[in-house]
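Here the structure is laid out as structure tokens; the discussion comes afterwards.
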There are 2 protein chains.
Amino acid sequence: MAAEAAVPVDEDEAPLPLGPRRRDAAATREALLSAARELIARDGISDVSTRDVAAAAGANQALVYRYFGSKEALLVEALQPTEPDSTISETPLAELPRTLLRRALDPDAPADVRASSMSTLVAGAGTELVRSIARDRIHAGFTTQLAGRLDGDDAELRAELVAALLTGISSLRGQIGTRAMAGADLDELAIHVDRMVAPLIEPALPGTATA
Amino acid sequence: MAAEAAVPVDEDEAPLPLGPRRRDAAATREALLSAARELIARDGISDVSTRDVAAAAGANQALVYRYFGSKEALLVEALQPTEPDSTISETPLAELPRTLLRRALDPDAPADVRASSMSTLVAGAGTELVRSIARDRIHAGFTTQLAGRLDGDDAELRAELVAALLTGISSLRGQIGTRAMAGADLDELAIHVDRMVAPLIEPALPGTATA
DNA sequence: TGCCGATGTAATCGGCTGACGACTTGACGA
DNA sequence: TCGTCAAGTCGTCAGCCGATTACATCGGCA
């Protein structure tokens, strides 16, 4: 399954034109991380074992403990975002709901994106460790960024409501496979999401009573 | 223990989680089911073992297999709704969102209600069995009932969007414990939920294009 | 060249799990 | 009184898990 294990055209020096890359600690570590993200995205956090990760990475299971110390530490590092995401801060507010929706539901996204997505984290929230990771990721990577673009005093709550909606949609469509949700066209979904999110992100209308 | 001259048959299904109920097959079976629901509601579906259920029920672990045949069969029966719920069909549409929200977030609800709630089912969707149960439960117990009260051709999709929102809120507030969501007052939440759900349940506005 | 640390491997340990079979206990009827 | 059978108990098996240890091997450096 490891697509990069057979072709040693990676960084560093490449004095070996042929032959498998052996005894490369950094590459092995990265292969374990990559395999962990792949399995997390495919099977969920709670269904990942160190033996599966090692096998998928073409490495020995004991190396998980040499390089990460514990299974938890491996998962924590695998669930970290690989690169900062500026979607929320750069997308126009009017296009933001469907942009976020599209990204949350994209099944072809890279494994590291899917592994650390909100719905994957919520689905694997069986341990306090995963719960705290999910809490921090949603807060730092979603809530504060979106809340910063909203007006009003309860901007943070409204931002989390957007997160809740996206998480719920992703769960019902991608995991449970509810009929209408799984069969719906993405644009059709986006229309409804737009209308649901609008009251949260639009500035308070003067004509609408606050009660 | 020959002191009692007459043994009245009064302790049939007394809700006593403790007490040496001996040689009562129906009661033991029910105790196992009740304990399973309690543990599912507390720890999630995937964290329930037959030994834990038996211990919580004050029964022997082997009895799980005598009365249910397998762990799966026990869980399937434990996740069935104990009584039909007419909340969706009887509550006025205008009050429905906050009524459903209150019920989804009530931490004092009976164990069987919490065990078979949408968020619990979604959180334990690690196996295809649980996924199919969640699919059926949401469809029969929520989607069709709510969709039946909505107008328009995509009523089922809009009903599932309500389910997605409630599921997401319940997950973020009850499991992850996101800051704003966990700290928000329920009435404050209900105001936003009302505004989010309104575009889904209100009859199509004449001024809005259907495309 | 020969050493030695870094890298990788195999085997194993203790624990928990679902599942099963053999056994014991108790109640009830002939 | 005693046989029978359901109800409940006990011990165990096989598998997977995280984690650890002892050992094998490669490769750079003196």
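In this text the structure is predicted, and so the values were computed from the model without any measurement. Order of the sequence lines fixes the chain letters, A, B, ..., with proteins taken first and strands second; residue numbering starts at 1 for each chain.
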Just how far, in rounded Å, is P of D:dC16 from CG of A:Asp43? 15 Å
Separation of A:Leu63 atom CG from D:dT21 atom P, in whole Å? 16 Å
Could you state the atom-to-atom distance from CZ of A:Arg51 to P of C:dA10 in whole Å? 13 Å
Taking atom C1' of D:dG8 as reference, at what distance in whole Å does atom CG of B:Asp24 sit? 12 Å
Mind checking A:Val53 for me? I need base, sugar-phosphate or nothing, with any heavy atom below 4.0 Å counting as a touch. nothing
Residue B:Glu72 excluded, over 12 heavy atoms near CD under 6.0 Å: no
If you check the A:Lys71 side chain, which of C:dA27, D:dA19, C:dA19 turns out closest? D:dA19
B:Arg23 has its side chain closest, among C:dG8, C:dG26, C:dG18, to C:dG26
From CG of B:Leu129 over to P of C:dG18, roughly how many Å is that when rounded to an integer? 14 Å
Heavy-atom closest pair (A:Leu121 atom, A:Ala134 atom, distance to 0.1 Å) is CB-CB, 3.7 Å
Within the 4.0 Å heavy-atom criterion, would you say A:Phe68 contacts the bases, only the backbone, or no part of the nucleic acid? nothing
Is the number of heavy atoms from other residues, nucleotides or ligands within 6.0 Å of CD (B:Gln61) greater than 12? yes
For the pair made of OH in B:Tyr65 and C1' in C:dC20, what is the distance, rounded to whole Å? 9 Å
Search all heavy atoms of B:Ala78 against all heavy atoms of B:Ala36 and return the closest pair with its distance. CB-CB, 4.0 Å
Is the phosphate of D:dG8 approached by B:Thr28 (side-chain N or O, under 4.0 Å from OP1 or OP2)? yes
Spacing of B:Asn60 atom CG relative to C:dT24 atom P, expressed in whole Å: 15 Å
I want to confirm an ordering. Mapping B:Ser49 and A:Ala62 to their closest nucleotides on DNA chain C, which one lands closer to the 5' end? A:Ala62
Which of B:Ile45, B:Thr120, B:Leu75, B:Val122 passes side-chain contact (heavy atoms from CB on, under 4.5 Å) with B:Val130? It is B:Ile45
Comparing A:Gly69 with A:Asp47, nearest DNA chain D nucleotide closer to 5' gives the residue A:Asp47
Give the rounded distance in Å between these two atoms: CD of B:Gln61 and C1' of D:dA7. 16 Å
Toward the 5' end of DNA chain C, by each residue's nearest nucleotide, B:Arg66 or B:Glu72: B:Glu72
